[in-house]
Amino acid sequence: MKVLRGTGFFPFIIKRILTSLLLIFGMTFISFCITQLVPGDPVAANLGNSAYSDPEIVAAFEKEFGLDQPVPVQYLRYIQNLSDGNLGISLSSKRPVIDDLREYFPATLEIALIAVVIAMVLGLILGTISAITRDRLPDQIIRVLSLTGVSMPTFWTALVFFYVFFFLLGWSPGSGRLDPGAEPPPQVTGMFTIDAIINGDFATFRQAFSYLLLPAIVLAIYALGVLTRFTRASVLEILGNDYVRTARAKGLPELTVIRRHVLRPALLAIITVAGVAFASLMAGSVLIENVFSWPGLGQYAYRAAVGLDLPGIMGVSMVVATVYITMNLIVDILYRVIDPQLRKAEQ
Amino acid sequence: MTLLSVRNLTVTLMTASGPADAVRNLSFDIERGQILGIAGESGSGKTMTALSIMGLLPYKGKASGSINFDGEELVGFKPKDLRRVRGKDVAMIFQDPMTSLHPMLTIETQLTEHLRHHRKVSKGEARARALELLDTVKIPDPKTALKAHPSQFSGGMRQRIAIAMALACQPKLLIADEPTTALDVTVQAGILKLLDELRKSQNLSVIVITHDLGVLSALTNRLMIMYAGAEVESGPTSQVLTRPRHPYTQGLIDALPDSGANGKRLIAIEGMPPELGKFPTGCAFHTRCSFARSECKSGTPNKVDIDGIRRIFCTVDPFDTPAGVNR
Ligand SMILES: Nc1ncnc2c1ncn2[C@@H]1O[C@H](COP(=O)(O)OP(=O)(O)OP(=O)(O)O)[C@@H](O)[C@H]1O
Ligand code: SF4
Ligand SMILES: [Mg+2]
C-alpha cells in the first residue's frame, strides 16, 4: 500500500474513495440500528388482518424474510447480501429492493440532475450580475427574487406551478414521466431522456423532457435562490481581494477581471454549495413527487416507511447516503482540479 | 517637466457614519524621472491619494479637485478612459505581495495579460517581454518562473514579480504603496535599490508611500508628509529630514529608531492619529501638538513658504530659526 503513503493527487483520490466506502459501510450499520429502534411490527404492517391472525402464514412470512433470526444475524445476512448486490426483498412490493431502486432512483436522479444544472447555471449568472451591480436596480430585483425562491416551501411552489402551467396554461403535459400508454425507452440508465437518446428515439426524448421540465424547474427554484445568494456573497467577497485590485490596476476590461480573476475562485466556493444543494434537491424531490405523480425515490421511500418495509427503507437510506458521500467526494476532487495551489500544496 | 499635477484633491469615502473626507485639499507635483515620497501615520490618507490617481477608490468613494496626468485630467474621466491609462501609463504595486498576486493564475498570465490588452502584442512577443521583465527584476530562472504560481515564491520574490507586472507596459508613473512594509528588513533594501535603478534606467517617475521615513531618506528626491488627509510639510527629502519645520514632521523623526545617540529612547508622538470622520477642526494635529495655541483650533493652518522649494502648514511655525530645529 505504498501509494497510500504518498501525498500527491492520486493517492489523495484513492484515500478519499476508500474513506467514502468506509462511510457508506458505517452508514448501513447506523440505518440498520435506527430501523430496529422504530416501534411497530413489520409483519402486521404487511399482512392483511385475516392473514395476520393465522400463525402459520405469519411464521412463513417471518421465515421468508429472515425476521425469525436474531437481530445481529439479520444485520450480518444483510451485509453479506449487500456484497453480492442483493439488498433483500421489499416487504411491500415483494420484489428485490435492488430492482425497485433501479426503477425509482433514476427517475429522481433525472429531475435532480436537470434541476441542479438549471440552478447552477442560472445561479452563477444571476449571482454574479447581482454582485457587480451591487445595490443598483438589477441587484435589487435579483435579491428580491432569490429571497422569494428561498422562502417559498417547495411543496407549495409545486402545487402553484402545476396549477398554473398545467391546468391554466396547458404548457406542461401534466403528471407522470410519459404520455399514458407510451412505451418507455429500453432501460440503460433508467433516465428516460438519456435512454431515449441512446436509443436514437428523439420523439420519446422530447416527450420525456416535456414531462420532466416542470418538476425540475420547481425543484430548481429553491436551490436557485440559495445558489444565487451564495454566488453574490462569494463574488462580493472575492471582489474585495487585493488580487482583484491588482487586476483592475492593470486596466483590464471589467469583464476580463470578472471572468479570469473573480469567477475562478468563486467557482471553488460555489461547487461546495452545489454539492450540498444537489443532495438537498434529492430530498426536496420527495416532497414534490406526489404532486407530479413522479414515480421516484420519494414515493418509494414513503411507501416503504408506511409499510415498515425494512429492506426497502435500508435500500433508500443506502442510496441517499451514497449520493451524499459521492457528492462530497466529487466536490473534493473538483476542488483540487480547479485550484492548482491546493494541488501543489499536496505535493 | 511635470508629469503629474494634483490640485486640491479631496477624496470622500462612505463610512458607517456617513461620508467623510479621507484626503483633504491636497496639491503636489511630480517631475519626470523623480521619486516622491509620501509619509504619515496609518490612516493619514496616503493609500487613498494613490488610489484616486488610479481611479480605484473603494466602493462609493469619490475624488474631486484635479489630477492632471501627462496633459489629461483624470478626475471625472470615464471608466473606459481611465482603464486606458491605468496599467499602461500609470502602474501601481501594493503593500502585501502575499495577497496582491492572483493565487490561481500562472506568473506568465499575470505578467502578460495587460501587455496583450494594451499593446496588442502576440502571445510569443508577450512571453519574450515577460522573460525580459523577470530578468530586469532579477528573478532567477525566468523560464521556469513563467510557468509557476505565486505560492512558489517568497515574499520578496513576489514583490519583484509585482514590480515586473507593473513595468510590463512601460508606464510613465509607478506608484508603490508601502512596497517593503510586509517584507523582511534584509529583503527591503534590495527592493528599494531595484526601484531606484528602474527610475534611472527607464526615466520612470515614482511615488513611494510609506510610514517608514528611513525607507524614504535614501531613495526619494522630494517628500510630502501627511496628517489626517492633508499635507503638513513638503520639500526636498534631505532638507525635510535634517531640518524639519513642522511639529508633526519633527515628531516622526524623533520616533525614528536611529535618530538619537546610542541608547537614547524613542520619543513617540503622544496620542493616536484621529479616525476618519473625527478629524479635529483647525489644524488637525492640535490635539497632539506641544506647540498648539488657541488659534490652532479653528480656521486652516497658515501655509508657510520656505525658500520657494519647501512649505509647511502651521500657524505657529515654532522652528522658524536660522538653524532649523533648536532643541
Ligand atoms: N473602503 C473604505 N471605506 C471607508 N473608509 C476607508 C476605506 N478604506 C480606508 N478607509 C479609511 O480611510 C482613511 C485613509 O485610509 P488610507 O488607507 O488612505 O490610509 P493610509 O495613510 O494609507 O494608512 P496605512 O498606513 O494604514 O496604509 C482611514 O481612516 C481608513 O480607515
Ligand atoms: S498649527 Fe498649531 S497645532 Fe498645528 S502643528 Fe502648528 S503649532 Fe501644532
Ligand atoms: Mg495605506
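Owing to the predicted nature of the structure, the values given are computational and were not obtained by experimental measurement. Each chain gets a letter, A, B and so on, in the order its sequence line appears, and its residues count up from 1.
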K.L.:
Residues of residues 248-256 of chain A under 4.5 Å from chain B (heavy atom pairs)?
P.N.:
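Against chain B, the residues of residues 248-256 of chain A that fall inside the cut-off (heavy atoms, under 4.5 Å) are A/Arg248, A/Ala249, A/Lys250, A/Gly251, A/Leu252, A/Pro253, A/Glu254.
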K.L.:
Can you say whether B/Gln95 sits under 4.5 Å from chain A via the side chain, the backbone, both, or neither, judging by heavy atoms?
P.N.:
neither
K.L.:
What residue, out of B/Met165, B/Glu113, B/His117, has the most heavy-atom pairs lying under 4.5 Å from chain A?
P.N.:
B/Glu113
K.L.:
Using a 3.5 Å distance criterion without hydrogens, assess whether the side chain of B/Ser100 forms a donor-acceptor pair with backbone atoms of A/Thr246.
P.N.:
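No; zero donor-acceptor contacts below 3.5 Å.
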K.L.:
What are the two closest non-hydrogen atoms of A/Tyr243 and B/His102, and how far apart are they?
P.N.:
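Shortest heavy-atom separation between A/Tyr243 and B/His102 comes out as CD1-CD2, 3.3 Å.
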K.L.:
Measuring heavy-atom distances to chain A, does B/Leu56 have an atom under 4.5 Å in its side chain, in its backbone, in both, or in neither?
P.N.:
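Contact with chain A is through the side chain of B/Leu56 alone.
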K.L.:
For B/Lys143, look at atom NZ and say whether over 12 heavy atoms of other residues, nucleotides or ligands are found less than 6.0 Å away.
P.N.:
no
K.L.:
With a cut-off of 6.0 Å (strictly less than), are more than 12 heavy atoms of other residues, nucleotides or ligands near NZ of B/Lys62?
P.N.:
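No, the 6.0 Å shell around NZ holds no more than 12 heavy atoms from other groups.
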K.L.:
If the contact rule is any heavy atom under 4.5 Å from chain B, which residues of residues 140-149 of chain A qualify, in numerical order?
P.N.:
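From residues 140-149 of chain A, none sit under 4.5 Å of chain B.
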K.L.:
Could you give the distance from OH (B/Tyr59) to CG (A/Leu239), rounded to the nearest 0.5 Å?
P.N.:
11.5 Å
K.L.:
What part of B/Ile93 gets within 4.5 angstrom of chain A, counting heavy atoms only: side chain, backbone, both, or neither?
P.N.:
neither
K.L.:
Are the side chains of A/Arg264 and B/Leu105 in touch, meaning some heavy atoms are under 4.5 Å apart?
P.N.:
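Contact flag for A/Arg264/B/Leu105 side chains = yes.
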K.L.:
Any chance CZ of B/Phe94 has more than 12 other-residue heavy atoms, nucleotides or ligands included, within less than 6.0 Å?
P.N.:
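Counting neighbours around CZ of B/Phe94, more than 12 heavy atoms of other residues, nucleotides or ligands fall under 6.0 Å, so yes.
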